[in-house]
Amino acid sequence: MLAIWKVKVNYLQTLAGTGKNPQFSWVIKADHYNVVQTAYEMKIIKQGEELPVYCSGKVYTEQSAHVIADSFRMESLTTYEVYIKVWDNWGEISQWSDPCIFISALLSEEEWCAPFISMETEKDKDISKGTYVRGCFYLDKPVKKAYMVSTALGLYHSYINGEKAGRDEMTPGWTVYRSRLLYQTYDVTDLVQEGENVWSAHLGAGWYKGKMGIDGVRNMGGKVTAFSGQLLIRYQDGTTKTVVTDRSWKGCDSPILFSEIYDGEIYDSRMEQEGWNQKGFDDSAWNYVRQVEQRTDILVPQDACKLREIFRIPAKEIFVTPEGDTIVDFGQNMAGWVHVSVDGKAGEKVVLNHFEVLDSHGNVYMDNLRTAKETLVYICNGKGKTVYRPAFTYQGFRYLKVAAYPGIVKKENFIAYAVSSDMEEIGSFSCSDVRINQLQHNIEWGLMSNFFDVPTDCPQRDERLGWTGDAQIFCRTAAYLRNVYPFFSKWLKDLAAEQSEEGAVSHVVPNVLAEPDKKVRQLEKEGFAAAGWADAAVIIPWTMYLMYGDTRIIEEQYESMKAWIDFMNNRAEDYIWEFPGQFGDWASLDAEEGSCQGATPVEMISTAYFAYSTNLFAKMAGAIGNTEDKKQYEKLKTLIIDSYRRHFIHGGHISARTQTAQIITLYFGLAEEKDRPGIVHDLLQLLEENGGHINTGFIGTPYFCHALSQNGCVNEAFELLMKEDFPSWLYQIKMGATTIWEHWDGIKPDGTMWSPGMNSFNHYAYGAIGEWLYRAVAGIEADEKNPGYKHIIFQPHTFGTLNGAAAHYESIYGTVRSAWSKEKETVFLTVEVPVNSTAEIVLEQGSILVDSPTQFNSEKGHLVAHVGSGIYQILYKKLS
Ligand code: BGC
């Protein structure tokens, strides 16, 4: 049996809105071992038609990912079906696959002919209210297909004949609005009717116009909200019609009196106008819209990762605090909103304050939200039971304080919805220790809460920004859990858009830390170039390349990456790079009282990252065949490392006696081979001096366990992970965390909290340990010589108190799985290698093979087997 399991287009099973010829990949299932594709055939059909518009013929190749249909020419706003058939090395032929479906967007910017229309004027710049706009159009013939492309300045929901187009939330999302504004593409065939139709939109302020950033600056995108869209109608008789937003539309204020990202929403249901978005509504009291000037050459189709309600979480418990507040507990910290049902008299209010934790007395704790109000106010209209949910805001919360509610507060009236960028779940990890499983759960919820169109630091306080450093340290972990390629590929374009001409990378993307009118160029002078943060420009593309084997990301980000390396190089002296505005080993526990920067010298961190990023860039230059750059940047890397050694390593020891200093030197490969054992010894010594506890921050934490396990200290790495007294990963678990905390001491052992100025309970950064669970415990490791899991290195590590661990990862070739269980010294290991991939299985040092379907040989102190696709069950004894 040979079958195509899944066909994907740009890594998605369905895609609406691609402007460029996409890439295809497919997963093959077979019941033989060692299966390799020898040929494929691809056909692309316009949905509803018989004859293909593209047929590859039989192509003799092993390639089953990143396949481009070269001579295929897309047409705008068309639905295509892609079918694949394959041949393998066993002489088998598959059936044609089920189709994967995609819709093309507009193929050229000139096709966008819809004006932006608005009910607001510049006088409204300080107001974040909701507005409605509506227009009518007539279809005089039966419709075959109808497509909508739409976007907004601000946020929008759009409706046809009262039905919302698509399931997306907070569209058009958050980008560097002056350079890139996304638009969405929908098939709206089911929503339009022959005859009269009403098309409408509800608009809000969002990231575009509302207050954003630590300094609460408004109007980062602009001063008024506006909607723009066009419909392409294909009639059954083959003719077409285009409908656009224009000045024939009318509008008015909506019941949303106020709505902003941080502060919540005020909705007065007494202002509702029944049927406002449907036919037959009398809009004679509404005013005509205004046309707003807006560049359309910056419009870009959004193809994936739209924000959606992804989990429904019923209220778990209702209780009253010692201070007398009524609380709804959902049992899970998250980003999203609630749907609240209420039946109140006209003018009665529901007031809900969202928050994350209770204080040590069990009372409401909201100080860590800083100025963010996170409050929903719903004003009843007395017309019976209604369900309200906010439209243009979101909250980070586990609890609701019900500050006002007409009637009795009952669980069934409160349902939370976790909202996140919609990405396919592609991995899982579990083990025999329930605490680690809870940690894994928290990592996933940290991801879901903070992959909110951009990778944010946190979802609750007045920040929620695309902090580059946080995204950089977490991206590999995220990539094992969700299909993040489309998500990061979007955000990296914004990162490049915010880069200064000199190559400086802003701390947050989109950059709301700069005044809106300041030129990006000036950022450089203001010091927006922090080591470990700005390096997201290089490390994230590298990670995507490693996990997906896709060189597109290298090509797309090449200039951005190079500019960042050159920025550092141009400012380095003797290859030691220093620059104002560094964060150091942010939030580490070895900082001086009152400082967040940690004790590891910033010039050391900067230079270490300079070397690391340069090394990755040289490899990526090689991967796309730029041998000139490869050579040049390899040389640069060598010079940086030489200088690092001269400046920071003396007599085999690192001058800075911090955990982080040893960790980055080891993990980034900065020490001479002969010095490594001494540095590892120093790290163990520093660990011991700290009672076996971690005290690293954002820079050291992600690599701590790797630095140990890659240097012969697997047990020590496990022991560090298994610690459950403060500070440790499991300490948070013991304290009841359901997401990852920003600080090791968010809640201290004595019940007091870290300073409310910066104490998020939903920051994914320290969740970067997830990567170690996958790579070292389950042992699923990418091979940079054959990226994208074309070749897999399985090297699991077992540990005394753990009886088993299992992980799977849906790679572009299919399921990669590793699972082991252990009884005393006997380990039973199962690994799965997808069709069209190969692997090496590396047993732990000191292993004795008991039983295996495949041959193992001794290589560099390990037993190693080289295998093709299939499932392998291996029994071995681990003596040490
Ligand atoms: C954010 C962090 C970020 C840091 C940089 C904080 O306020 O929440 O996660 O990386 O600032 O200093």
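First listed ligand is number 1; within each ligand, the first listed atom is number 1.
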For the residue pair [X] and [Y], is the inter-centroid distance of their aromatic rings smaller than 6.0 Å?
X	Y	result
Tyr208	Tyr177	yes
Tyr575	Tyr644	no
Phe698	Phe583	no

### Message
Give me the nearest non-hydrogen protein atom to atom 7 (O) of ligand 1 as residue plus atom name, then the distance to 0.1 Å.
### Response
Glu463 OE2, 2.6 Å
#### Entry: Which residue and heavy atom of the protein sit nearest atom 4 (C) of ligand 1, plus the separation
Trp586 NE1, 3.5 Å
### Message
One thing to verify: whether Lys734 and Asp725 come together as a salt bridge, which I'm taking to mean a side-chain N less than 4.0 angstrom from a carboxylate O.
### Response
no
### Task
Begin with the C-alpha distance, continue with both residues' side-chain angles, and end with the deciding distance and a verdict on salt bridge (Lys or Arg N to Asp or Glu O under 4.0 Å) for Lys373 and Glu265.
CA-CA 10 Å; Lys373 293 200 182 72; Glu265 193 161 291; over 6 Å; no
### Summary
Logged contact type for His507 with ligand 1, heavy-atom cut-off 4.0 Å, is neither
#### Entry: Min heavy-atom dist Glu742 to ligand 1 below 4.0 Å
yes
### Arg398 NZ/CZ over Phe761 ring centroid, <6.0 Å and within 45° of normal
no
### Message
Given the ring of Tyr480, does Arg476 sit roughly above its face, with NZ or CZ under 6.0 Å from the centre of the six-membered ring and within 45° of the axis?
### Response
no
Can you list the ligand 1 atoms lying under 4.0 Å from a non-hydrogen atom of [X]?
X	answer
His763	1 (C), 2 (C), 8 (O), 9 (O)
Arg461	1 (C), 6 (C), 7 (O), 8 (O)
Asp457	1 (C), 8 (O), 9 (O)
Asp470	2 (C), 3 (C), 9 (O), 10 (O)
Phe698	9 (O), 10 (O)

### Query
Between the candidates Trp467, Tyr764, Phe583, which shows the shortest non-hydrogen contact distance to atom 3 (C) of ligand 1?
Trp467
